[in-house]
Peer 1: 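Got a structure for you, written out below as C-alpha coordinates; questions coming shortly.
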Amino acid sequence: MNFDIAIIGGGPAGYTAAERAGANGLKAVLFEKKAIGGVCLNEGCIPTKTLLYSAKILDNIKSASKYGISSESPSFDLTKIMNRKDKTVKMLTGGVKMTVNSYGVTIVEKEAYIEGEKGGLIHISCDGETYQVKYLLVCTGSDTVIPPIPGLSDIKYWTSREALEIKELPESLVIIGGGVIGMEFASFFNSMGVKVSVVEMMPEILGAMDKETSAMLRSEYAKRGVTFYLNTKVVEVKPTGVVIEKGGKNSTIEAEKILLSVGRKANIANVGLDKLSVELHRNGVQVDEHLQTSHPRVYACGDITGYSLLAHTAIREAEVAINHILGVDDRMNYDCIPGVVYTNPEVAGVGKTEEELIKQGIPYRVMKLPMVYSGRFVAENEQSTGICKLIQDEFGRIIGCHMLGNPASELIVIAGIAIQKGYTVEEFQKSVFPHPTVGEIYHEVLFS
(Lines give C-alpha, C1' and ligand atoms only; values in the text may rest on other atoms or scores of the structure.)
Protein backbone atom coordinates (compact mmCIF):
# COMPACT_ATOMS: atom_id res chain seq x y z
CA MET A 1 0.00 0.00 0.00
CA ASN A 2 2.63 2.51 -1.09
CA PHE A 3 1.56 5.69 -2.92
CA ASP A 4 3.14 8.95 -3.98
CA ILE A 5 0.27 10.95 -2.50
CA ALA A 6 -2.76 10.36 -0.32
CA ILE A 7 -5.73 12.70 -0.38
CA ILE A 8 -8.16 12.66 2.52
CA GLY A 9 -11.53 14.06 1.49
CA GLY A 10 -13.30 13.71 -1.85
CA GLY A 11 -14.88 17.14 -2.21
CA PRO A 12 -13.93 19.71 -4.89
CA ALA A 13 -10.39 20.11 -3.49
CA GLY A 14 -9.88 16.37 -3.05
CA TYR A 15 -11.18 15.13 -6.39
CA THR A 16 -9.45 17.96 -8.28
CA ALA A 17 -6.14 17.12 -6.59
CA ALA A 18 -6.63 13.42 -7.35
CA GLU A 19 -7.29 14.15 -11.03
CA ARG A 20 -4.29 16.49 -11.36
CA ALA A 21 -2.01 14.07 -9.50
CA GLY A 22 -3.07 11.10 -11.60
CA ALA A 23 -2.83 13.08 -14.84
CA ASN A 24 0.79 13.94 -14.00
CA GLY A 25 1.90 10.41 -13.25
CA LEU A 26 1.64 10.41 -9.46
CA LYS A 27 0.34 7.22 -7.87
CA ALA A 28 -2.56 8.58 -5.81
CA VAL A 29 -5.11 7.26 -3.34
CA LEU A 30 -8.26 9.22 -2.47
CA PHE A 31 -10.14 8.59 0.78
CA GLU A 32 -13.76 9.71 1.22
CA LYS A 33 -15.86 8.48 4.15
CA LYS A 34 -19.25 9.71 2.91
CA ALA A 35 -19.74 10.41 -0.79
CA ILE A 36 -17.47 11.53 -3.62
CA GLY A 37 -18.16 15.17 -4.38
CA GLY A 38 -18.23 16.24 -0.75
CA VAL A 39 -20.65 18.78 0.66
CA CYS A 40 -20.67 20.78 -2.57
CA LEU A 41 -22.08 18.12 -4.86
CA ASN A 42 -24.13 16.23 -2.27
CA GLU A 43 -25.41 18.75 0.27
CA GLY A 44 -24.52 22.23 -0.96
CA CYS A 45 -23.74 23.94 -4.27
CA ILE A 46 -25.35 21.58 -6.76
CA PRO A 47 -28.57 20.54 -4.95
CA THR A 48 -29.34 24.10 -3.83
CA LYS A 49 -28.79 25.51 -7.32
CA THR A 50 -30.99 22.78 -8.78
CA LEU A 51 -33.82 23.79 -6.44
CA LEU A 52 -33.20 27.48 -7.05
CA TYR A 53 -33.46 26.99 -10.80
CA SER A 54 -36.86 25.35 -10.39
CA ALA A 55 -37.90 28.33 -8.25
CA LYS A 56 -36.55 30.74 -10.87
CA ILE A 57 -38.62 29.08 -13.59
CA LEU A 58 -41.69 29.40 -11.38
CA ASP A 59 -40.89 33.10 -10.81
CA ASN A 60 -40.55 33.58 -14.56
CA ILE A 61 -43.88 31.90 -15.27
CA LYS A 62 -45.60 34.06 -12.67
CA SER A 63 -44.24 37.19 -14.37
CA ALA A 64 -44.76 35.92 -17.94
CA SER A 65 -47.67 38.30 -18.57
CA LYS A 66 -45.18 41.19 -18.48
CA TYR A 67 -43.69 39.73 -21.66
CA GLY A 68 -46.99 39.14 -23.42
CA ILE A 69 -47.16 35.45 -22.47
CA SER A 70 -50.21 33.90 -20.81
CA SER A 71 -49.40 32.49 -17.37
CA GLU A 72 -52.69 31.52 -15.82
CA SER A 73 -52.63 29.31 -12.71
CA PRO A 74 -48.92 28.34 -12.52
CA SER A 75 -48.26 25.46 -10.13
CA PHE A 76 -45.44 23.18 -9.05
CA ASP A 77 -44.88 19.60 -7.90
CA LEU A 78 -42.47 19.55 -4.93
CA THR A 79 -41.87 15.81 -5.25
CA LYS A 80 -40.74 16.19 -8.87
CA ILE A 81 -38.55 19.17 -7.94
CA MET A 82 -36.81 17.14 -5.22
CA ASN A 83 -36.50 14.08 -7.46
CA ARG A 84 -34.85 16.18 -10.15
CA LYS A 85 -32.42 17.49 -7.52
CA ASP A 86 -31.52 13.92 -6.51
CA LYS A 87 -31.11 12.86 -10.13
CA THR A 88 -28.79 15.80 -10.84
CA VAL A 89 -26.64 15.05 -7.78
CA LYS A 90 -26.40 11.36 -8.67
CA MET A 91 -25.39 12.12 -12.25
CA LEU A 92 -22.68 14.62 -11.30
CA THR A 93 -21.17 12.62 -8.42
CA GLY A 94 -21.07 9.56 -10.67
CA GLY A 95 -19.32 11.62 -13.32
CA VAL A 96 -16.71 12.87 -10.86
CA LYS A 97 -16.00 9.34 -9.64
CA MET A 98 -15.63 8.08 -13.20
CA THR A 99 -13.24 10.93 -14.09
CA VAL A 100 -11.05 10.33 -11.02
CA ASN A 101 -10.91 6.60 -11.84
CA SER A 102 -9.91 7.39 -15.43
CA TYR A 103 -6.65 8.89 -14.15
CA GLY A 104 -5.72 5.69 -12.35
CA VAL A 105 -6.48 7.00 -8.87
CA THR A 106 -7.37 4.46 -6.19
CA ILE A 107 -10.59 5.46 -4.45
CA VAL A 108 -11.27 4.16 -0.94
CA GLU A 109 -14.73 5.05 0.34
CA LYS A 110 -13.89 4.65 4.02
CA GLU A 111 -12.73 6.95 6.82
CA ALA A 112 -8.96 7.51 6.93
CA TYR A 113 -6.83 8.54 9.89
CA ILE A 114 -3.26 9.84 10.05
CA GLU A 115 -1.14 7.53 12.22
CA GLY A 116 2.14 9.44 12.02
CA GLU A 117 5.45 9.34 10.19
CA LYS A 118 8.01 6.55 10.00
CA GLY A 119 10.97 5.91 7.74
CA GLY A 120 10.39 9.12 5.81
CA LEU A 121 6.84 8.13 4.88
CA ILE A 122 3.49 9.25 6.26
CA HIS A 123 1.34 6.41 7.52
CA ILE A 124 -2.44 6.44 7.12
CA SER A 125 -4.82 3.81 8.43
CA CYS A 126 -8.14 3.02 6.78
CA ASP A 127 -10.45 0.06 7.24
CA GLY A 128 -7.75 -2.10 8.79
CA GLU A 129 -5.14 -1.31 6.15
CA THR A 130 -2.05 0.90 6.39
CA TYR A 131 -1.10 3.19 3.54
CA GLN A 132 2.41 4.66 3.25
CA VAL A 133 2.76 7.86 1.25
CA LYS A 134 5.36 10.49 0.51
CA TYR A 135 2.89 13.41 0.32
CA LEU A 136 -0.41 14.04 2.03
CA LEU A 137 -3.17 16.43 1.04
CA VAL A 138 -5.88 17.00 3.67
CA CYS A 139 -9.22 18.20 2.29
CA THR A 140 -11.71 17.21 4.98
CA GLY A 141 -13.98 20.20 4.43
CA SER A 142 -16.31 21.83 6.92
CA ASP A 143 -19.52 21.27 8.80
CA THR A 144 -22.43 23.42 9.91
CA VAL A 145 -21.89 25.55 13.01
CA ILE A 146 -24.48 24.80 15.69
CA PRO A 147 -24.51 27.73 18.14
CA PRO A 148 -25.47 27.22 21.82
CA ILE A 149 -28.95 28.72 21.52
CA PRO A 150 -31.20 27.84 24.47
CA GLY A 151 -33.91 25.39 23.47
CA LEU A 152 -32.18 24.24 20.28
CA SER A 153 -31.59 20.73 21.58
CA ASP A 154 -35.30 20.36 22.38
CA ILE A 155 -36.67 20.96 18.88
CA LYS A 156 -36.33 19.49 15.40
CA TYR A 157 -34.62 22.28 13.48
CA TRP A 158 -33.23 22.25 9.96
CA THR A 159 -29.72 22.84 8.72
CA SER A 160 -29.10 23.05 4.98
CA ARG A 161 -28.88 19.25 4.93
CA GLU A 162 -32.43 18.74 6.21
CA ALA A 163 -33.81 21.61 4.12
CA LEU A 164 -32.61 19.81 0.99
CA GLU A 165 -34.51 16.64 1.90
CA ILE A 166 -37.98 18.03 2.59
CA LYS A 167 -41.11 16.12 1.54
CA GLU A 168 -43.52 19.00 2.07
CA LEU A 169 -43.37 22.75 2.52
CA PRO A 170 -43.96 24.47 5.85
CA GLU A 171 -46.40 27.35 6.00
CA SER A 172 -43.82 29.55 7.71
CA LEU A 173 -40.06 29.47 8.20
CA VAL A 174 -37.56 31.41 10.30
CA ILE A 175 -34.02 31.40 8.94
CA ILE A 176 -31.39 32.15 11.58
CA GLY A 177 -28.53 33.75 9.69
CA GLY A 178 -28.72 36.06 6.68
CA GLY A 179 -25.53 34.96 4.96
CA VAL A 180 -25.23 33.45 1.50
CA ILE A 181 -26.76 30.08 2.40
CA GLY A 182 -29.54 31.67 4.43
CA MET A 183 -30.48 34.05 1.61
CA GLU A 184 -30.49 31.32 -1.02
CA PHE A 185 -32.91 29.28 1.05
CA ALA A 186 -34.96 32.41 1.72
CA SER A 187 -35.18 32.88 -2.05
CA PHE A 188 -36.28 29.30 -2.70
CA PHE A 189 -38.91 29.09 0.01
CA ASN A 190 -40.24 32.55 -0.78
CA SER A 191 -40.75 31.52 -4.41
CA MET A 192 -42.53 28.39 -3.20
CA GLY A 193 -45.04 30.50 -1.26
CA VAL A 194 -43.66 29.97 2.26
CA LYS A 195 -43.82 32.89 4.71
CA VAL A 196 -40.13 33.56 5.39
CA SER A 197 -38.42 35.56 8.14
CA VAL A 198 -34.65 36.11 8.27
CA VAL A 199 -32.87 36.96 11.53
CA GLU A 200 -29.38 38.44 11.24
CA MET A 201 -27.10 39.70 14.04
CA MET A 202 -25.20 42.09 11.76
CA PRO A 203 -26.47 45.43 10.42
CA GLU A 204 -26.81 43.96 6.91
CA ILE A 205 -27.26 40.58 5.22
CA LEU A 206 -24.56 38.68 3.25
CA GLY A 207 -21.67 39.18 5.66
CA ALA A 208 -18.56 40.65 4.07
CA MET A 209 -20.07 41.19 0.63
CA ASP A 210 -20.60 44.69 -0.77
CA LYS A 211 -23.14 46.47 1.41
CA GLU A 212 -24.82 48.45 -1.38
CA THR A 213 -25.74 45.39 -3.45
CA SER A 214 -26.65 43.45 -0.27
CA ALA A 215 -29.09 46.18 0.79
CA MET A 216 -30.62 46.26 -2.68
CA LEU A 217 -31.18 42.50 -2.62
CA ARG A 218 -32.75 42.71 0.82
CA SER A 219 -35.07 45.48 -0.37
CA GLU A 220 -36.12 43.34 -3.34
CA TYR A 221 -37.01 40.38 -1.15
CA ALA A 222 -38.74 42.56 1.39
CA LYS A 223 -41.06 43.64 -1.44
CA ARG A 224 -41.76 39.95 -2.09
CA GLY A 225 -42.84 39.38 1.49
CA VAL A 226 -39.65 38.24 3.28
CA THR A 227 -39.36 39.86 6.72
CA PHE A 228 -35.87 40.83 7.85
CA TYR A 229 -34.70 41.37 11.43
CA LEU A 230 -31.27 43.04 11.34
CA ASN A 231 -29.06 43.82 14.36
CA THR A 232 -31.10 41.12 16.05
CA LYS A 233 -30.02 38.35 18.41
CA VAL A 234 -31.76 35.00 18.85
CA VAL A 235 -32.09 34.41 22.59
CA GLU A 236 -34.18 31.24 22.55
CA VAL A 237 -35.97 28.83 20.22
CA LYS A 238 -39.24 27.08 20.90
CA PRO A 239 -41.37 24.53 19.03
CA THR A 240 -43.61 27.43 18.01
CA GLY A 241 -40.93 29.89 16.91
CA VAL A 242 -37.95 32.06 17.78
CA VAL A 243 -37.48 34.54 20.61
CA ILE A 244 -35.40 37.51 19.47
CA GLU A 245 -33.84 40.52 21.17
CA LYS A 246 -33.33 43.90 19.51
CA GLY A 247 -32.65 47.19 21.21
CA GLY A 248 -33.08 45.62 24.64
CA LYS A 249 -36.59 44.36 23.86
CA ASN A 250 -37.67 40.75 23.35
CA SER A 251 -40.31 39.53 20.91
CA THR A 252 -41.31 36.23 19.31
CA ILE A 253 -41.43 35.25 15.65
CA GLU A 254 -43.90 32.42 15.25
CA ALA A 255 -43.00 29.81 12.64
CA GLU A 256 -43.65 26.19 11.78
CA LYS A 257 -39.98 25.45 10.99
CA ILE A 258 -36.58 26.87 11.90
CA LEU A 259 -33.58 26.76 9.54
CA LEU A 260 -30.17 27.27 11.15
CA SER A 261 -27.62 28.92 8.87
CA VAL A 262 -24.98 30.80 10.85
CA GLY A 263 -21.83 29.55 9.14
CA ARG A 264 -19.50 26.57 8.80
CA LYS A 265 -16.38 25.37 10.63
CA ALA A 266 -13.34 23.43 9.45
CA ASN A 267 -13.28 19.68 10.09
CA ILE A 268 -9.92 19.34 11.81
CA ALA A 269 -10.87 16.92 14.60
CA ASN A 270 -10.48 13.14 14.29
CA VAL A 271 -8.13 13.37 11.31
CA GLY A 272 -4.82 12.90 13.14
CA LEU A 273 -3.13 16.15 12.18
CA ASP A 274 -1.63 16.27 15.66
CA LYS A 275 0.38 13.14 14.85
CA LEU A 276 2.36 15.21 12.35
CA SER A 277 2.47 18.38 14.47
CA VAL A 278 0.67 20.36 11.77
CA GLU A 279 0.23 23.98 12.85
CA LEU A 280 -3.33 25.22 13.25
CA HIS A 281 -4.87 28.68 13.53
CA ARG A 282 -8.16 29.79 15.02
CA ASN A 283 -10.27 28.79 12.00
CA GLY A 284 -8.41 25.80 10.61
CA VAL A 285 -5.08 24.60 9.25
CA GLN A 286 -2.30 27.13 8.67
CA VAL A 287 -0.96 27.08 5.08
CA ASP A 288 1.32 29.21 2.92
CA GLU A 289 0.78 30.49 -0.63
CA HIS A 290 1.50 26.98 -1.96
CA LEU A 291 -1.09 25.43 0.43
CA GLN A 292 1.81 23.80 2.26
CA THR A 293 1.39 23.29 6.00
CA SER A 294 4.09 23.51 8.66
CA HIS A 295 4.99 19.95 7.65
CA PRO A 296 6.90 20.15 4.32
CA ARG A 297 5.12 17.14 2.78
CA VAL A 298 1.62 17.86 4.06
CA TYR A 299 -0.76 20.20 2.25
CA ALA A 300 -4.27 21.38 3.10
CA CYS A 301 -6.92 22.70 0.72
CA GLY A 302 -10.55 23.78 0.79
CA ASP A 303 -12.68 24.61 3.79
CA ILE A 304 -10.21 23.04 6.24
CA THR A 305 -7.95 26.09 5.84
CA GLY A 306 -10.82 28.23 7.17
CA TYR A 307 -9.98 30.99 4.71
CA SER A 308 -12.40 30.92 1.79
CA LEU A 309 -15.17 28.37 2.16
CA LEU A 310 -16.04 28.20 -1.54
CA ALA A 311 -15.87 25.23 -3.89
CA HIS A 312 -14.12 27.15 -6.66
CA THR A 313 -11.51 28.36 -4.17
CA ALA A 314 -10.91 24.76 -3.13
CA ILE A 315 -10.46 23.67 -6.75
CA ARG A 316 -7.84 26.35 -7.41
CA GLU A 317 -6.06 25.59 -4.12
CA ALA A 318 -5.81 21.92 -5.10
CA GLU A 319 -4.26 22.87 -8.44
CA VAL A 320 -1.68 25.05 -6.68
CA ALA A 321 -0.83 22.33 -4.16
CA ILE A 322 -0.29 19.63 -6.79
CA ASN A 323 1.75 22.02 -8.93
CA HIS A 324 4.02 22.73 -5.95
CA ILE A 325 4.52 19.03 -5.36
CA LEU A 326 5.40 18.62 -9.04
CA GLY A 327 7.86 21.53 -8.91
CA VAL A 328 5.70 23.82 -11.05
CA ASP A 329 5.87 27.50 -10.08
CA ASP A 330 2.36 28.45 -8.89
CA ARG A 331 0.92 30.49 -6.04
CA MET A 332 -2.53 31.02 -4.59
CA ASN A 333 -4.04 34.45 -5.18
CA TYR A 334 -7.15 35.25 -3.15
CA ASP A 335 -7.57 38.78 -4.58
CA CYS A 336 -9.71 37.70 -7.52
CA ILE A 337 -12.00 34.94 -6.20
CA PRO A 338 -15.64 35.65 -7.06
CA GLY A 339 -18.43 35.27 -4.54
CA VAL A 340 -21.96 34.64 -5.79
CA VAL A 341 -25.41 34.55 -4.19
CA TYR A 342 -27.74 32.53 -6.43
CA THR A 343 -30.92 34.32 -5.51
CA ASN A 344 -33.24 35.80 -8.13
CA PRO A 345 -31.81 38.33 -8.97
CA GLU A 346 -28.26 37.15 -8.42
CA VAL A 347 -25.61 39.05 -6.49
CA ALA A 348 -21.91 38.66 -7.26
CA GLY A 349 -18.68 40.31 -6.20
CA VAL A 350 -14.95 39.97 -6.69
CA GLY A 351 -11.95 41.81 -5.27
CA LYS A 352 -12.12 44.65 -2.76
CA THR A 353 -15.30 46.13 -1.30
CA GLU A 354 -15.71 49.78 -0.38
CA GLU A 355 -16.04 48.73 3.25
CA GLU A 356 -12.66 46.96 3.17
CA LEU A 357 -10.92 49.90 1.54
CA ILE A 358 -12.38 52.45 3.95
CA LYS A 359 -11.34 50.30 6.91
CA GLN A 360 -7.80 49.98 5.54
CA GLY A 361 -7.56 53.66 4.65
CA ILE A 362 -6.85 52.90 0.99
CA PRO A 363 -7.93 55.58 -1.53
CA TYR A 364 -10.24 54.42 -4.29
CA ARG A 365 -12.76 55.58 -6.88
CA VAL A 366 -16.13 54.03 -7.72
CA MET A 367 -17.74 53.88 -11.14
CA LYS A 368 -21.27 52.49 -11.25
CA LEU A 369 -24.46 52.42 -13.28
CA PRO A 370 -27.86 50.77 -13.06
CA MET A 371 -28.07 47.53 -15.07
CA VAL A 372 -30.72 49.17 -17.28
CA TYR A 373 -27.85 50.83 -19.18
CA SER A 374 -27.59 47.42 -20.89
CA GLY A 375 -30.23 47.06 -23.60
CA ARG A 376 -30.21 43.25 -23.32
CA PHE A 377 -30.86 43.51 -19.58
CA VAL A 378 -33.89 45.75 -20.18
CA ALA A 379 -35.20 43.36 -22.85
CA GLU A 380 -34.99 40.36 -20.53
CA ASN A 381 -35.69 41.84 -17.09
CA GLU A 382 -38.99 43.69 -17.28
CA GLN A 383 -39.31 46.35 -14.57
CA SER A 384 -36.21 45.02 -12.78
CA THR A 385 -33.32 47.11 -11.61
CA GLY A 386 -29.79 46.20 -10.62
CA ILE A 387 -26.35 47.71 -10.45
CA CYS A 388 -22.82 47.22 -11.73
CA LYS A 389 -20.08 48.82 -9.64
CA LEU A 390 -16.39 48.89 -10.53
CA ILE A 391 -13.75 50.00 -8.02
CA GLN A 392 -10.36 51.34 -9.10
CA ASP A 393 -7.32 52.22 -7.03
CA GLU A 394 -5.38 55.48 -7.15
CA PHE A 395 -3.40 54.20 -10.15
CA GLY A 396 -6.53 53.42 -12.15
CA ARG A 397 -6.29 49.63 -11.75
CA ILE A 398 -9.49 47.63 -11.33
CA ILE A 399 -9.50 46.18 -7.82
CA GLY A 400 -13.16 45.32 -7.23
CA CYS A 401 -16.50 44.68 -8.90
CA HIS A 402 -19.96 44.16 -7.40
CA MET A 403 -23.16 43.39 -9.26
CA LEU A 404 -26.86 42.85 -8.67
CA GLY A 405 -28.88 41.47 -11.55
CA ASN A 406 -29.07 38.36 -13.71
CA PRO A 407 -26.79 36.81 -14.88
CA ALA A 408 -24.26 38.27 -12.41
CA SER A 409 -22.87 34.80 -11.64
CA GLU A 410 -21.70 34.42 -15.24
CA LEU A 411 -20.51 38.00 -15.71
CA ILE A 412 -18.43 38.42 -12.56
CA VAL A 413 -15.57 36.29 -13.90
CA ILE A 414 -14.85 39.00 -16.49
CA ALA A 415 -14.04 41.47 -13.73
CA GLY A 416 -12.12 38.75 -11.90
CA ILE A 417 -9.82 38.30 -14.88
CA ALA A 418 -9.34 42.07 -15.12
CA ILE A 419 -8.30 42.16 -11.46
CA GLN A 420 -6.03 39.12 -11.85
CA LYS A 421 -4.29 40.66 -14.86
CA GLY A 422 -4.00 44.07 -13.21
CA TYR A 423 -6.02 45.88 -15.86
CA THR A 424 -6.31 49.63 -15.63
CA VAL A 425 -9.57 51.31 -16.59
CA GLU A 426 -7.99 52.36 -19.88
CA GLU A 427 -6.90 48.78 -20.68
CA PHE A 428 -10.31 47.34 -19.70
CA GLN A 429 -12.04 49.93 -21.93
CA LYS A 430 -10.44 48.31 -24.98
CA SER A 431 -12.33 45.03 -24.40
CA VAL A 432 -15.04 44.50 -27.02
CA PHE A 433 -18.36 43.06 -25.83
CA PRO A 434 -20.84 41.60 -28.34
CA HIS A 435 -24.05 43.58 -28.79
CA PRO A 436 -26.58 43.15 -27.38
CA THR A 437 -25.40 41.42 -24.21
CA VAL A 438 -25.82 42.13 -20.53
CA GLY A 439 -22.02 42.08 -20.31
CA GLU A 440 -21.94 45.39 -22.17
CA ILE A 441 -22.74 46.97 -18.82
CA TYR A 442 -18.98 46.82 -18.12
CA HIS A 443 -18.30 48.97 -21.18
CA GLU A 444 -20.93 51.49 -20.11
CA VAL A 445 -19.55 51.69 -16.56
CA LEU A 446 -15.96 52.01 -17.73
CA PHE A 447 -16.85 55.07 -19.78
CA SER A 448 -19.23 56.60 -17.20
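Please read all numbers here as calculations on a predicted model, not as lab measurements.
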Peer 1: Quick check: do Asn42 and Thr93 have side-chain heavy atoms less than 4.5 Å from each other?
Peer 2: yes

Peer 1: Verify, without hydrogens or angle tests, whether Thr305 (side chain) and Cys301 (backbone) share a donor-acceptor contact under 3.5 angstrom.
Peer 2: no

Peer 1: Check this for me, if you would: do Lys257 and Glu171 make a salt bridge, where the nitrogen-to-carboxylate-oxygen distance has to be below 4.0 angstrom?
Peer 2: no

Peer 1: Just how far is it from atom CG of Asp59 to atom OG of Ser191, taken to the nearest 0.5 Å?
Peer 2: 3.5 Å

Peer 1: Considering residues, nucleotides and ligands other than Lys421, do more than 12 of their heavy atoms fall under 6.0 Å from its NZ?
Peer 2: no

Peer 1: Can you tell whether the side chains of Lys233 and Glu245 come within less than 4.0 Å, N to carboxylate O?
Peer 2: no

Peer 1: Any salt bridge linking Lys352 with Asp210? Criterion: basic side-chain nitrogen under 4.0 Å from a carboxylate oxygen.
Peer 2: no

Peer 1: Check step by step if side-chain contact (heavy atoms from CB on, under 4.5 Å) holds for Leu58 and Met192.
Peer 2: CA-CA 8 Å; Leu58 180 61; Met192 295 293 107; 3.5 Å; yes

Peer 1: Any salt bridge between Arg161 and Glu165, counting N to O under 4.0 Å?
Peer 2: no

Peer 1: Ignoring hydrogens and angles, tell me if any N or O in the side chain of Lys211 forms a donor-acceptor pair with the backbone of Gly207 under 3.5 Å.
Peer 2: yes

Peer 1: Would you call Leu260 and Thr144 a side-chain contact if the rule is heavy atoms closer than 4.5 Å?
Peer 2: no

Peer 1: Between atom CD1 of Ile387 and atom NE2 of His402, what is the distance when rounded to the nearest 0.5 Å?
Peer 2: 10.5 Å

Peer 1: Could you measure the distance from the OH atom of Tyr157 to the CG atom of Leu259? Nearest 0.5 Å is fine.
Peer 2: 11.0 Å

Peer 1: So does Asp77 pair up with Arg84, basic N to acidic O under 4.0 Å?
Peer 2: no

Peer 1: Please check if atom CZ in Phe433 has more than 12 non-hydrogen atoms from other residues, nucleotides or ligands closer than 6.0 Å.
Peer 2: yes

Peer 1: Using 30° and 60° as the class limits, which term best fits the ring planes of His324 and His290: parallel, tilted or perpendicular?
Peer 2: parallel

Peer 1: Kindly indicate, with the supporting measurements, whether the criterion side-chain contact (heavy atoms from CB on, under 4.5 Å) is fulfilled by Met371 and Asn381.
Peer 2: CA-CA 10 Å; Met371 292 293 283; Asn381 294 271; over 6 Å; no

Peer 1: Distance check, rounded to the nearest 0.5 Å: Leu446 atom CG versus Gln429 atom CD?
Peer 2: 5.5 Å

Peer 1: Taking the basic N atoms (NZ, or NE/NH1/NH2) and the acidic carboxylate oxygens, is any pair closer than 4.0 Å for Arg331 and Glu289?
Peer 2: yes

Peer 1: Return the NZ to OG distance between Lys97 and Ser102, rounded to the nearest 0.5 Å.
Peer 2: 13.5 Å

Peer 1: Below 4.0 angstrom, N of the basic side chain to O of the carboxylate: do Lys359 and Glu355 qualify?
Peer 2: no

Peer 1: Measure from the side-chain N and O atoms of Glu32 to the backbone N and O of Ile36, and report whether any donor-acceptor pair falls under 3.5 Å.
Peer 2: no

Peer 1: Indicate the atoms forming the closest heavy-atom contact of Ser308 with Asp303, along with that distance.
Peer 2: O-OD1, 4.2 Å

Peer 1: Are there over 12 heavy-atom neighbours, none belonging to Glu254, within less than 6.0 Å of that residue's CD?
Peer 2: no

Peer 1: Where do Pro338 and Val350 come nearest, in terms of heavy atoms and distance?
Peer 2: N-CG2, 3.9 Å

Peer 1: Identify the two heavy atoms, one from Val138 and one from Leu273, that lie closest to each other, and give their separation to 0.1 Å.
Peer 2: CG2-CD2, 4.0 Å

Peer 1: So that I can tick it off, tell me whether Glu354 and Lys389 are bridged by a salt bridge, with the cut-off set at under 4.0 angstrom between side-chain N and carboxylate O.
Peer 2: yes

Peer 1: side-chain contact (heavy atoms from CB on, under 4.5 Å), that's the test. Do Trp158 and Leu173 meet it? Break it down for me.
Peer 2: CA-CA 10 Å; Trp158 288 347; Leu173 172 70; 4.0 Å; yes

Peer 1: Return yes if some donor-acceptor pair links the side-chain N/O of Glu200 with the main-chain N/O of Gly177 below 3.5 Å, else return no.
Peer 2: no

Peer 1: Any side-chain to backbone donor/acceptor pair from Thr343 onto Ser187? Under 3.5 Å, distance only.
Peer 2: no

Peer 1: When you measure from the side chain of Thr16 to the backbone of Pro12, do you find a donor-acceptor pair of N or O atoms at a distance under 3.5 Å?
Peer 2: yes

Peer 1: Counting heavy atoms not belonging to Gln360, are there more than 12 under 6.0 Å from its CD?
Peer 2: yes

Peer 1: Could you tell me the separation between the CG atom of Leu51 and the CZ atom of Phe189, rounded to the nearest 0.5 Å?
Peer 2: 8.0 Å

Peer 1: Go through it in stages, so that I can follow the logic: the residues are Val287 and Tyr299, the test is side-chain contact (heavy atoms from CB on, under 4.5 Å), and I'd like the CA-CA distance, side-chain angles, deciding distance and then a yes or no.
Peer 2: CA-CA 7 Å; Val287 293; Tyr299 295 74; over 6 Å; no

Peer 1: Would you say that Glu319 contacts Arg316 through its side chain, given a criterion of any heavy-atom pair below 4.5 Å between the two side chains?
Peer 2: yes

Peer 1: Looking at Ser431, Cys401, Ser374, which hits side-chain contact (heavy atoms from CB on, under 4.5 Å) with Tyr442?
Peer 2: Cys401

Peer 1: Should the pair Lys368-Glu212 be classified as a salt bridge under the 4.0 Å nitrogen-to-oxygen rule?
Peer 2: yes

Peer 1: For atom OH of Tyr423, decide whether the heavy atoms of other residues, nucleotides or ligands shown that lie under 6.0 angstrom number more than 12.
Peer 2: no

Peer 1: Which atom names give the shortest non-hydrogen contact between Val262 and Val145, and what distance separates them?
Peer 2: CG2-O, 3.6 Å

Peer 1: Any idea which heavy atoms bring Ala348 and Ser409 closest together, and the distance?
Peer 2: CB-N, 4.4 Å

Peer 1: Is there a side-chain contact between Ile325 and Leu26, using heavy atoms and a 4.5 Å cut-off?
Peer 2: yes

Peer 1: Please list all pairs meeting ring pair (Phe, Tyr, Trp, His ring centres under 6.0 Å) that have one or both residues in residues 345-383, counting only residues at least two apart or in different chains.
Peer 2: none

Peer 1: Taking all non-hydrogen atoms of both residues, which atom of Leu291 and which atom of Met332 are closest, and how far apart?
Peer 2: CD2-CB, 3.9 Å

Peer 1: Mind checking whether Met209 and Val341 have side chains closer than 4.5 Å, heavy atoms only?
Peer 2: yes

Peer 1: Ignoring hydrogens and angles, tell me if any N or O in the side chain of Asn267 forms a donor-acceptor pair with the backbone of Thr140 under 3.5 Å.
Peer 2: yes

Peer 1: Answer yes or no: does atom CE of Met82 have more than 12 heavy-atom neighbours from other residues, nucleotides or ligands under 6.0 Å?
Peer 2: yes

Peer 1: Is it the case that the side chain of Glu427 and the backbone of Thr424 share a donor-acceptor pair, with hydrogens and angles ignored and the cut-off at 3.5 Å?
Peer 2: yes

Peer 1: Would a distance-only check, ignoring hydrogens and angles, find a side-chain to backbone donor-acceptor pair under 3.5 Å from Ser294 to Glu279?
Peer 2: yes

Peer 1: Using modelled atom types only, decide if a donor and an acceptor are shared between the side chain of Tyr103 and the backbone of Gly25 within a distance under 3.5 Å.
Peer 2: no

Peer 1: More than 12 heavy atoms of other residues, nucleotides or ligands under 6.0 Å from NZ of Lys195: yes or no?
Peer 2: no

Peer 1: Return each pair, listed once, that meets salt bridge (Lys or Arg N to Asp or Glu O under 4.0 Å) where at least one residue sits in residues 429-448; pairs must be two or more places apart or across chains.
Peer 2: none

Peer 1: Is Val242 close to Thr252 at the side-chain level, that is, under 4.5 Å between some pair of heavy atoms?
Peer 2: no

Peer 1: Any side-chain heavy atom of Tyr229 within less than 4.5 Å of one from Val198?
Peer 2: no

Peer 1: When you look at NZ of Lys246, are more than 12 heavy atoms from neighbouring residues, nucleotides or ligands closer to it than 6.0 Å?
Peer 2: yes

Peer 1: Determine whether Lys265 and Ser142 make a side-chain contact, defined as any pair of heavy atoms from C-beta on separated by less than 4.5 Å.
Peer 2: no

